[in-house]
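What follows is a short report on a single structure.
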Amino acid sequence: MIKPNVIVLCGPTASGKTSLSIELAKRINGEIVSCDSMQIYKDMDIGTAKPTEEEKQGIKHYLIDFLSPDKRYSVADYKKDAEQSIEEILKKGKVPIIVGGTGLYVNSLIYNIEFKDNKIDIEYRNKLENIINTEGLEKLYEIAQKIDSEAMENISKNDKKRIMRVLEIYNQTGKTKTELEIESRKNEPKYRYIVFTLDMDREKLYERINKRVDLMIEKGLIKEVEKLVNTYKSMPTAIQGLGYKEVVDYLNGSYSKEEMIEKIKMETRRYAKRQLTWFRKNKDAIWLNGLEPTINNINTILEVYSGKRTS
RNA sequence: GCCUCGAUAGCUCAGUUGGUAGAGCAAGGGACUGAAAAUCCCUGUGUCAGUGGUUCGAUUCCACUUCAAGCCA
């Protein structure tokens with residue numbers, strides 16, 4: 001059986017994914033599935049650089065702007081939702097285009113990582129937090145080491161989230177993280193994912209990031225955040241978004257407006273660097289230069305897509 | 001113009017009782033399976049402002065030059 005083609009366009013923030021993907025979708029009768037852990041949230045438009053209706057040019061976008069910022073969401077939810085979206089697009093006879101910068105989410109699709117149908121046990125997580133506060137993180141590290149020493153080889157003794165996760169998995173499933181990950185990789189992907197990574201000269205990318213942050217402030221990012229914190233009592237994940245937590249600190253008087261803007265720029269540059277580390281790891285990806293004219297990049301994608309080019 | 005102080009990593013500075021130097025921040029690289037825009041790990045060669053002098057040896061001491069800051073006029 002021939003697997004359907006699915007195009008994946010990843011790359012660091014501000015590399016030009018949005019406009020390239022929309023041009024591509026118009027060209028090949030495609031629809032876009034976003035792969036972005038922050039654009040999923042409603043009421044967070046400016047800071048996440050969500051495409052506007054005008055920018056979308058009538059191209060349907062999935063997994064954007066559909067979740068309340070007070071809700072939790074995870075890679076497991078994403079995997080399920082994204083595959084459902086892909087199916088819907090294929091049913092229409094259109095081409096699915098996955099677009100975004102969240103490396104973890106991209107991998108869940110292209111390596112077909114299968115997640116069990118479990119919810120996060122917040123009570124247990126709080127219990128672990130308590131142990132950290134009373135006995136220290138070392139205590140949890142030791143326990144985790146006993147449960148799954150193999151997984152702990154890659155986890156620093158300071159990496160609170162990952163140490164907790166090892167314990168959470170064991171508590172919930174009775175299996176180790178290592179065992180579960182082997183099971184999660186059993187099945188081949190259902191689609192032929194063709195992965196493109198959009199990048200450009202680092203200096204140029206940073207210039208674009210800086211400019212984009214200034215533009216966000218101009219467009220009213222501060223107002224957006226004010227409204228957000230007044231509307232939602234708690235935002236466990238959404239408030240972690242770049243730009244959002246910094247504006248909250250600014251509103252609390254932690255630093256001046258200028259300092260806030262510089263901080264957002266710096267954190268965004270660092271984020272872009274981390275994204276690139278993630279994408280470089282995928283040796284099958286085909287790299288595109290965001291400084292090239294859009295038409296050139298589209299032609300490259302089309303050549304690979306239609307099988308005229310393999311690398 | 002006088003006096004004082006300074007010039008060391010991209011930035012802010014420490015230091016070498018003379019044997020070519022190190023912190024913080026920035027930056028770069030990396031890890032990543034249910035919070036991922038999160039979380040975490042690793043990485044410090046730079047004409048020690050320039051030119052001369054003393055010395056086996058000067059970034060360190062001395063002289064001059066340039067630049068910057070403060071004070072007195």
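As the structure is a prediction and not an experimental result, all values here were calculated from the model.
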With sugar-phosphate meaning primed atoms plus P, OP1 and OP2, does [X] contact a base, only sugar-phosphate, or nothing at under 4.0 Å between heavy atoms?
X	answer
A/Tyr206	sugar-phosphate
A/Tyr73	sugar-phosphate
A/Ile113	base
A/Thr48	base
A/Asn118	base
A/Thr277	base
A/Asp36	base
A/Tyr111	nothing

Using whole Å, what does the distance between atom [atom2] of nucleotide [N] and atom [atom1] of [X] come to?
X	N	atom1	atom2	answer
A/Leu205	B/G28	CG	P	10 Å
A/Ile132	B/C40	CD1	C1'	14 Å
A/Glu168	B/A35	CD	P	7 Å

One thing to verify: whether [Y] and [X] come together as a salt bridge, which I'm taking to mean a side-chain N less than 4.0 angstrom from a carboxylate O.
X	Y	result
A/Lys146	A/Glu142	no
A/Lys265	A/Glu262	yes
A/Glu267	A/Lys245	no
A/Arg162	A/Asp159	yes
A/Lys127	A/Glu123	no
A/Glu114	A/Lys186	no

Please evaluate the base of [N] for a donor-acceptor partner in the side chain of [X] within a cut-off of under 3.5 Å?
X	N	value
A/Arg165	B/A36	no
A/Lys273	B/G29	yes
A/Ser184	B/U33	yes

- Which one, B/C40, B/G34, B/A26, comes nearest to the side chain of A/Arg270? B/A26

- Message: Using the side-chain heavy atoms of A/Arg274, tell me which of these nucleotides is nearest: B/G34, B/A26, B/G30.
- Response: B/G30

- Name every residue in residues 219-249 of chain A that has at least one heavy atom under 4.0 Å from any atom of RNA chain B, in order of residue number, or write none if there are no such residues. A/Thr237, A/Gln240, A/Gly241, A/Leu242, A/Lys245

- Query: Using Watson-Crick and G-U wobble pairs with both distances under 3.5 Å, what is the 5'-to-3' dot-bracket string of RNA chain B, with [ ] for crossing pairs and | for pairs outside the strand?
  - Reply: (.((.((..((((.....[..)))).(((((.......))))).....(((((..]....))))))).)).).

- Indicate whether any N or O donor in one side chain lies under 3.5 Å from an N or O acceptor in the other, for A/Asp77 and A/Ser74. yes

- Between the side chains of A/Ser68 and A/Asp70, is a donor N or O closer than 3.5 angstrom to an acceptor N or O? yes

- Item | Separation of the C1' atoms in B/U45 and B/U65, to the nearest angstrom | 27 Å

- Query: Distance-only, no hydrogens or angles: does the A/Lys50 side chain make a donor-acceptor pair with backbone N or O of A/Ile64 under 3.5 Å?
  - Reply: no

- Should the ring pair A/Tyr105 and A/Tyr78 be called parallel, tilted or perpendicular, given that the plane angle runs from 0 to 90° and is split at 30 and 60?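 Rings of A/Tyr105 and A/Tyr78: parallel, under 30°.
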
